[in-house]
Colleague: 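First the structure, then my questions, so here it is.
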Amino acid sequence: MASHWLMKSEPDVFGIDDLAKKKTGGWDGVRNYEARNFMKVMKVGDKVLFYHSNALPSGVAGIAEVCREAYPDPTQFDRKDGHYDPKAAPDKPIWFQVDLRFVSKFPRFVPLDELRGMPELADMALFKRSRLSVIPVTPAQWMRIVKRGG
DNA sequence: GCCAACGTTGGC
DNA sequence: GCCAACGTTGGC
């Protein structure tokens with residue numbers, strides 16, 4: 001059975017409309033071990049809430065799904081890339097990414113304010129761990145949020 | 001642009 | 001191994 005996740009992206013850099021246009025997108029640049037570990041256990045077909053962070057307003061913009069499981073993030077080896085990690089080498093990669101496929105854009109954007117107001121979501125790491133960019137979502141939470149998205 | 005939260009680094 | 005300093009994230 002597919003797992004559910006919430007993944008953050010800054011819409012100024014890569015938002016739901018960018019994914020819709022490209023159909024698929026690589027989730028590179030994650031440099032947090034916990035977020036990386038979550039990506040490592042993702043399976044093709046896992047469902048993802050596409051969250052806009054650092055946005056006005058921030059919130060869930062739509063749905064994507066995992067279309068390629070974790071593989072080494074090439075930006076860690078690229079000196080010219082802002083995500084370059086000198087401790088990583090191609091034979092011992094540190095950072096991984098998954099690829100996502102666009103599924104749908106919510107007819108109704110669900111802002112963070114509204115998520116905060118939903119008692120079913122009170123336990124979500126989204127609120128307690130504000131800096132975590134990849135967050136597991138329970139099926140019940142998933143259903144609630146998707147319903148709000150119309 | 002500011003700043004609080006918090007993860008990471010590095011000196012000891 | 002501790003912990004202060006530092007850097008980054010993300011809401012506002």
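Below, each value reflects all heavy atoms present in this structure, side chains not excepted, and no hydrogens, waters or symmetry copies. Just so we're on the same page: letters track the sequence lines, and every chain starts at 1.
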Colleague: Using a strict heavy-atom distance below 4.0 Å, which residues from residues 72-86 of chain A are in contact with DNA chain B?
Modeller: none
Colleague: Measure from CD1 on Ile94(A) to C1' on dT9(B) and round the result to the nearest Å.
Modeller: 14 Å
Colleague: What is the nucleic acid contact for Phe127(A), judged by heavy atoms within less than 4.0 Å: base, sugar-phosphate only, or nothing?
Modeller: nothing
Colleague: Nearest to the side chain of Leu56(A), which nucleotide is it out of dC12(C), dT9(B), dG10(C)?
Modeller: dC12(C)
Colleague: Considering non-hydrogen atoms only, spot the tightest contact between Ile16(A) and Ile63(A) and give its length.
Modeller: CD1-N, 4.2 Å
Colleague: Kindly determine whether Arg131(A) and Glu34(A) satisfy salt bridge (charged side-chain N to carboxylate O under 4.0 Å, His left out), including the steps that lead there.
Modeller: CA-CA 11 Å; Arg131(A) 292 191 49 193; Glu34(A) 205 174 351; over 6 Å; no
Colleague: Is Arg129(A) near enough to dG7(B) that one of its side-chain N or O atoms lies under 4.0 angstrom from OP1 or OP2?
Modeller: yes
Colleague: Whole angstrom is fine here: how far is it from CZ in Arg131(A) over to C1' in dC12(C)?
Modeller: 17 Å
Colleague: Can you check the Arg31(A) CZ to dT9(C) P distance for me, whole Å?
Modeller: 10 Å
Colleague: Between Asn54(A) and Glu34(A), which has a closest nucleotide on DNA chain B that is more 5'?
Modeller: Asn54(A)
Colleague: Rounding to an integer number of Å, can you tell me how far Asn37(A) CG sits from dG7(B) P?
Modeller: 14 Å
Colleague: Output yes when at least one side-chain N/O atom of Tyr33(A) is less than 4.0 Å from OP1 or OP2 of dC6(B), else no.
Modeller: no
Colleague: So which nucleotide from dG7(B), dG11(C), dG10(C) ends up closest to the side chain of Arg116(A)?
Modeller: dG11(C)
Colleague: Check this one for me: any side-chain N or O of Lys8(A) less than 4.0 Å away from OP1 or OP2 of dG10(C)?
Modeller: yes
Colleague: Could you walk me through whether Arg36(A) and Asp73(A) pass salt bridge (charged side-chain N to carboxylate O under 4.0 Å, His left out), step by step?
Modeller: CA-CA 10 Å; Arg36(A) 177 203 67 181; Asp73(A) 174 351; over 6 Å; no
Colleague: Rounded off to whole Å, could you give me the CG-to-C1' distance for the Leu126(A) and dG11(C) pair?
Modeller: 11 Å
Colleague: Ignoring backbone atoms, establish whether Ser58(A) has a side-chain N or O less than 4.0 Å from OP1 or OP2 of dG11(C).
Modeller: yes
Colleague: Less than 6.0 Å separating the ring centroids of Tyr84(A) and Trp95(A)?
Modeller: no
Colleague: Within a strict 4.5 Å, meaning less than it, do heavy atoms of the Asn54(A) and Val13(A) side chains meet?
Modeller: no
Colleague: Rounded to the nearest angstrom, tell me the gap between atom CG in Leu112(A) and atom P in dT9(C).
Modeller: 18 Å
Colleague: Return the value, rounded to whole Å, for the distance between atom CG of Asn32(A) and atom C1' of dA5(B).
Modeller: 13 Å
Colleague: Looking at dT9(B), I'd like to know if its phosphate oxygens (OP1 or OP2) sit under 4.0 Å from a side-chain N or O belonging to Lys87(A).
Modeller: yes
Colleague: If you measure from the Lys or Arg side-chain nitrogens to the Asp or Glu carboxylate oxygens, is any gap between Arg116(A) and Asp113(A) under 4.0 Å?
Modeller: yes
Colleague: For this output row, return yes or no: ring centroids of Phe50(A) and Trp27(A) closer than 6.0 angstrom.
Modeller: yes
Colleague: What is the distance from CE of Met7(A) to C1' of dG10(C), rounded to the nearest Å?
Modeller: 17 Å
